[in-house]
Amino acid sequence: MSYNLLKGKRGIIFGALNDKSIAWKVAQRAVEEGAQITLSNTAVAIRMGTVKELSDELQCEVIAADASNVEDLENVFARSMEVLGGKIDFVLHSIGMSPNVRKGRTYDDLDYKMLSTTLDVSALSFHKMLQAAKKLDALNEGASVLALSYVAAQRTFYGYNDMADAKALLESIARSFGYIYGREKGVRINTISQSPTMTTAGQGVKGMDKLYDFANRMSPLGNADAAECADYCIVMFSDLTRKVTMQNLFHDGGFSNVGMSLRAMNTYEKGLEDYMDENGNVIYG
């Protein structure tokens, strides 16, 4: 159902790869709500993914860009303003990648060159995006910018590795840039800390299926899926949230505020035998 929440607005969606992507769902919902958009991803992702299908469905242009490259980002904003006929009202940063995770390097044995890539692609790209937009004066007064984060920015989750550092930096950038952009142009910048979601990128995290199940059992409302995250993003892009900025907004069914649920407590007690040594002592990993 459409409420015309974004009627007349122009937006850029970074990171849609295939129909499992949150960015894909956001793009569809944005157009349903009356927006005109452009899509952006790397040239490789465009070739290997199915973004062309999405652009055909939504009748929008796809602009290839490496989000860690400032010139590419400047081109995305300039081209989007040209195609859409004016300044931009909303932007989604849905970008994350860790070579260390892909290569199975543990947090205490990181390759630092790969760590630099993780931080650059997953977090610094957000700063570069905002800085490029500001220098080009590409965003309208009161525009809304979102980046997708995860609770591992605040808490330790086994297997999430250096992506946790990247998400922490991402959230810090939203606060720091949010103050400057809000003061000068009324632009609001927020992050959404989403439930574990079975996207292509998410499935690369070690133990993601177990983490997904654990969060779903712990959360009183269960995990929020990609379509529900898209709905939340639409509200944040709309004028209904015009005074919300510099926030990390949890969209996780309540998981972030639960200490221990009854189901988790019972499961924990029943499963201890699998993690005991020959003397009955619990082995903690």
Side-chain angles (χ1 to χ4, degrees), residues 6 9-17 21-23 26-27 30 35-46 49 51 55 60-97 116-149 165-192 201 233 236-237 244-248:
L6 304 182
K9 292 188 181 294
R10 309 176 187 93
I12 306 173
I13 307 296
F14 287 88
L17 178 66
S21 307
I22 292 175
V26 174
Q36 293 178 287
I37 66 168
T38 57
L39 301 168
S40 184
N41 211 325
T42 64
V44 172
I46 293 170
V51 186
S55 69
C60 63
E61 184 166 323
V62 183
I63 306 169
D66 174 357
S68 64
N69 183 290
V70 174
E71 290 183 358
D72 281 7
L73 291 170
E74 289 173 345
N75 179 62
V76 171
F77 283 106
R79 178 60 183 163
S80 294
M81 286 190 288
E82 180 183 342
V83 170
L84 301 177
K87 293 184 183 181
I88 307 304
D89 297 295
F90 63 89
V91 179
L92 177 69
H93 177 286
S94 181
I95 302 166
M97 186 274 289
S116 294
T117 299
T118 299
L119 297 175
D120 195 19
V121 172
S122 307
L124 292 179
S125 61
F126 191 42
H127 191 286
K128 293 175 182 178
M129 192 178 292
L130 292 165
Q131 185 164 293
K134 188 171 184 293
K135 289 186 175 181
L136 289 171
D137 193 23
L139 300 186
N140 264 325
E141 191 88 20
S144 176
V145 183
L146 290 177
L148 297 182
S149 188
D165 297 337
K167 294 301 187 185
L169 177 56
L170 184 79
E171 292 176 14
S172 178
I173 290 169
R175 290 187 294 271
S176 299
F177 225 120
Y179 173 73
I180 296 170
Y181 227 155
R183 181 190 61 206
E184 296 183 11
K185 293 284 292 184
V187 172
R188 47 209 158 101
I189 303 173
N190 297 284
T191 54
I192 291 181
C233 289
M236 292 306 300
F237 290 150
V244 181
T245 194
M246 299 167 62
Q247 302 298 311
N248 179 54

For the residue pair [X] and [Y], what are the closest heavy atoms and their distance?
| X | Y | answer |
| --- | --- | --- |
| Ala166 | Ala123 | O-CB, 3.4 Å |
| Met97 | Ser122 | N-OG, 2.9 Å |
| Thr191 | Ser149 | CB-CB, 4.2 Å |
| Val51 | Ala45 | CG2-O, 4.5 Å |
| Met129 | Phe77 | O-CE1, 3.4 Å |

Please round to the nearest 0.5 Å and tell me the distance separating atom [atom1] of [X] and atom [atom2] of [Y].
| X | Y | atom1 | atom2 | value |
| --- | --- | --- | --- | --- |
| Ile63 | Ile12 | CD1 | CD1 | 6.5 Å |
| Leu17 | Ile22 | CG | CD1 | 12.5 Å |
| Leu39 | Cys60 | CG | SG | 4.0 Å |
| Leu148 | Leu92 | CG | CG | 5.0 Å |
| Ser172 | Met246 | OG | CE | 10.0 Å |
| Phe177 | Thr245 | CZ | OG1 | 12.0 Å |

4.5 Å side-chain heavy-atom contact, Val76 and Asp72: no
Minimum side-chain heavy-atom gap Lys9-Asn140 below 4.5 Å: no
Can you name the residues that form a side chain to side chain donor-acceptor pair (under 3.5 Å) with [X], not counting sequence neighbours?
| X | result |
| --- | --- |
| Lys167 | none |
| Thr38 | Ser80 |
| Glu184 | Lys134 |
| Arg188 | Thr241 |

[X]: partners by side-chain contact (heavy atoms from CB on, under 4.5 Å), with sequence neighbours left out:
| X | answer |
| --- | --- |
| Ala43 | Arg47, Ala64 |
| Val187 | Leu139, Ala143, Val145, Tyr181, Lys185, Ile189 |
| Ala35 | Leu6, Ala30, Ile37, Phe90 |
| Ala67 | Leu73, Ile95, Ser125 |

Any donor-acceptor N/O pair, Asn190 side chain to Met236 backbone, under 3.5 Å: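 Looks like no, no N/O pair under 3.5 Å.
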Side chain Asn41, main chain Ile46, donor-acceptor under 3.5 Å: no
With Asp120 via salt bridge (charged side-chain N to carboxylate O under 4.0 Å, His left out) - residues at least two apart: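 For Asp120, the residues satisfying salt bridge (charged side-chain N to carboxylate O under 4.0 Å, His left out) (neighbours in sequence not counted) are Lys128.
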Pairs where residues 81-91 contributes a residue and the test salt bridge (Lys or Arg N to Asp or Glu O under 4.0 Å) is met, not counting sequence neighbours: Arg79-Glu82, Lys87-Asp137
Pairwise salt bridge (Lys or Arg N to Asp or Glu O under 4.0 Å) hits with a residue in residues 168-179, at least two apart: none
Non-neighbouring partners of Phe14 that pass ring pair (Phe, Tyr, Trp, His ring centres under 6.0 Å), sequence neighbours left out: none
